[in-house]
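Have a look at the structure below, then the notes.
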Amino acid sequence: MSRKRDGKVIEYQDVIVDEGVADKRLIAYETEFSSLLKAKSREMNSLSEVLRQAWDSGRLRTAAKNSPAKASDAHASLIGHITRDELRCVTAEVDMVNGLANRFLWCCVKRSKLLPDCGQVHTVDFELEIAKLKEAVEFASEERIFARDAEAAEEWRKLYPELTAERPGAVGAVCNRGAAQVVRLSLLYAILDVSDDIKLVHLRAALALWKYCEASVRYIFGSSLANRTADTILLELRQAGGSGISRTAISDLFHRNKTKSEIDTSLQLLVDGNLARRDTIQTSGRSTEIWFLK
């Protein structure tokens, strides 16, 4: 705001229009996670961008030009439930590419027993666990610097190449933030132990949880290449068996709605993943490109 004298601006002052809220924490629980994933695909929906911002820095901002909604130093968590088949259907190709999917920890779970009477959870005494959680929350509320101790640092240097290695397909796309996820998980384990040092036990616990998430991703997405065109070609190659498919037949799969460049890129993904090979066959004086499952 400006302050004037005799019609001239003599001073500018900062004015707080909205003080906001002191507690920037949010935990969202989505029992129908598929509905949230579908909502982000609607026109002008910025949910995907906001979720990625929340994971990266906690500085959130919508894309509106005139009066964008924004939040600073936010701490957001999202717990979602979805079936494997639903997830495969609603996770778009773009989510693999733009990094939304790899900002989540995907955990496959199933019930271990039948409980027709809902169990007896009310008889369990959680007093000790609650007390430990309160201690950890109080410990984490103070500004601290966390660092790995010597053992953990040595182990981390050994793990880092594997955690950052590039892998093809959907599994590689969804798991390519493995190093960052393990860092965060190991920090959480240290906080739960009320420790300023990230110790070897914390790092190994974080790695074990990440390996479970990695295995879950392999179960969910299997051999998907995170490219629908390539996945369609791969399915057709599997059905064709030893007879293979000609390049012309591949174009016909998409009713010639895919450009040569798109099909070339998809076929190269199959080659890079060691999933397909190309042969050139001479027929009636002409060469024909045939693709086979490898």
Sorted by chain and number, sequence neighbours left out, ring pair (Phe, Tyr, Trp, His ring centres under 6.0 Å) with Trp106 holds for Phe104

Problem set entry | Cluster check Val183, Trp210: I/L/V/M/F/W/Y, side chain < 4.5 angstrom | yes

Hey, quick one: are Leu187 and Val201 part of the same hydrophobic cluster, counting side-chain heavy atoms closer than 4.5 Å, chains of contacts allowed? no

* Would the number of heavy atoms belonging to other residues, nucleotides or ligands and lying under 6.0 Å from CG of Asp56 be above 12? -> yes

Contacts of Asp149 meeting salt bridge (charged side-chain N to carboxylate O under 4.0 Å, His left out) (sequence neighbours excluded), chain-then-number -> none

Practice problem: Evaluate whether atom CD of Glu151 has more than 12 neighbouring non-hydrogen atoms of other residues, nucleotides or ligands under 6.0 angstrom away. | Solution: no

Applied to residues 259-272, the salt bridge (Lys or Arg N to Asp or Glu O under 4.0 Å) test, sequence neighbours excluded, yields Arg247-Asp264, Lys260-Asp264

**Report entry** Arg59 atom CZ: more than 12 heavy-atom contacts under 6.0 Å
**Finding:** no

Open item on the list: Could you check whether atom CZ of Arg286 has more than 12 heavy atoms from other residues, nucleotides or ligands sitting under 6.0 Å from it?
Closed with: no

Check for me, please, whether Ile245 and Leu293 land in the same ILVMFWY cluster - side-chain distances under 4.5 Å, paths through other members count.
yes

Quiz item: Between the side chain of Asp117 and the main-chain N/O of Gly119, is any donor-acceptor distance below 3.5 Å?
Solution: no

Using a 4.5 Å side-chain heavy-atom cut-off and chaining through intermediate ILVMFWY residues, the residues clustered with Ile79 come out as Ile27, Tyr29

(Q) A quick test of your reading: do over 12 heavy atoms of other residues, nucleotides or ligands sit less than 6.0 Å from CD of Glu129? (A) yes

(message) Does Phe254 form a side chain to side chain contact (heavy atoms under 4.5 Å, CB included) with Thr229? I'd like the steps, not just the answer.
(response) CA-CA 9 Å; Phe254 308 100; Thr229 304; 3.5 Å; yes

The remaining residues in the hydrophobic cluster of Phe292, counting side-chain heavy-atom contacts under 4.5 Å among Ile, Leu, Val, Met, Phe, Trp and Tyr, are Ile281, Ile290

task: Give a yes or no on this: more than 12 heavy atoms of other residues, nucleotides or ligands lie within 6.0 Å of atom NZ of Lys24.
output: yes

Does a side-chain heavy-atom distance below 4.5 Å link Ile233 with Trp291?
no

Taking only Lys NZ, Arg NE, NH1 and NH2, and the carboxylate oxygens of Asp or Glu, determine whether Asp197 and Lys199 approach each other closer than 4.0 Å.
no

*asked:* Please determine whether residues Leu192 and Leu200 belong to a single hydrophobic cluster, defined as Ile, Leu, Val, Met, Phe, Trp and Tyr linked transitively by side-chain heavy-atom distances below 4.5 Å.
replied: no

So CG of Leu209 and CG of Leu188: to nearest 0.5 Å the spacing works out to 10.0 Å

Quick note, side-chain hydrogen bond (donor to acceptor under 3.5 Å, both in side chains) partners involving residues 178-195, not counting sequence neighbours, are Asp193-His202

Contacts of Gln53 meeting side-chain hydrogen bond (donor to acceptor under 3.5 Å, both in side chains) (sequence neighbours excluded), chain-then-number -> none

Here the gap from Asn257 atom CG to Ser251 atom OG, rounded to the nearest 0.5 Å, amounts to 10.5 Å

Those residues at least two apart in sequence (or on a different chain) that pass side-chain contact (heavy atoms from CB on, under 4.5 Å) with Ile130 are Phe126, Lys134

Is it possible for you to say whether Leu37 and Leu78 belong to one hydrophobic cluster, with membership spreading through side-chain heavy-atom contacts below 4.5 Å? yes

Students should find that the hydrophobic cluster of Tyr212, defined by side-chain heavy atoms under 4.5 Å apart, otherwise consists of none

With sequence neighbours left out, the residues meeting salt bridge (charged side-chain N to carboxylate O under 4.0 Å, His left out) with Asp279 are Arg277

Joining Ile, Leu, Val, Met, Phe, Trp and Tyr whenever any side-chain heavy atoms lie under 4.5 Å apart, the cluster holding Val137 also takes in none

Show me the donor-acceptor pairs within less than 3.5 Å that the side chains of residues 156-166 make with the rest of the protein, sequence neighbours left out.
unit_1: Glu162; atom_1: OE2; unit_2: Lys211; atom_2: NZ; d: 2.6
unit_1: Thr164; atom_1: OG1; unit_2: Tyr160; atom_2: O; d: 2.8
unit_1: Thr164; atom_1: OG1; unit_2: Pro161; atom_2: O; d: 3.4

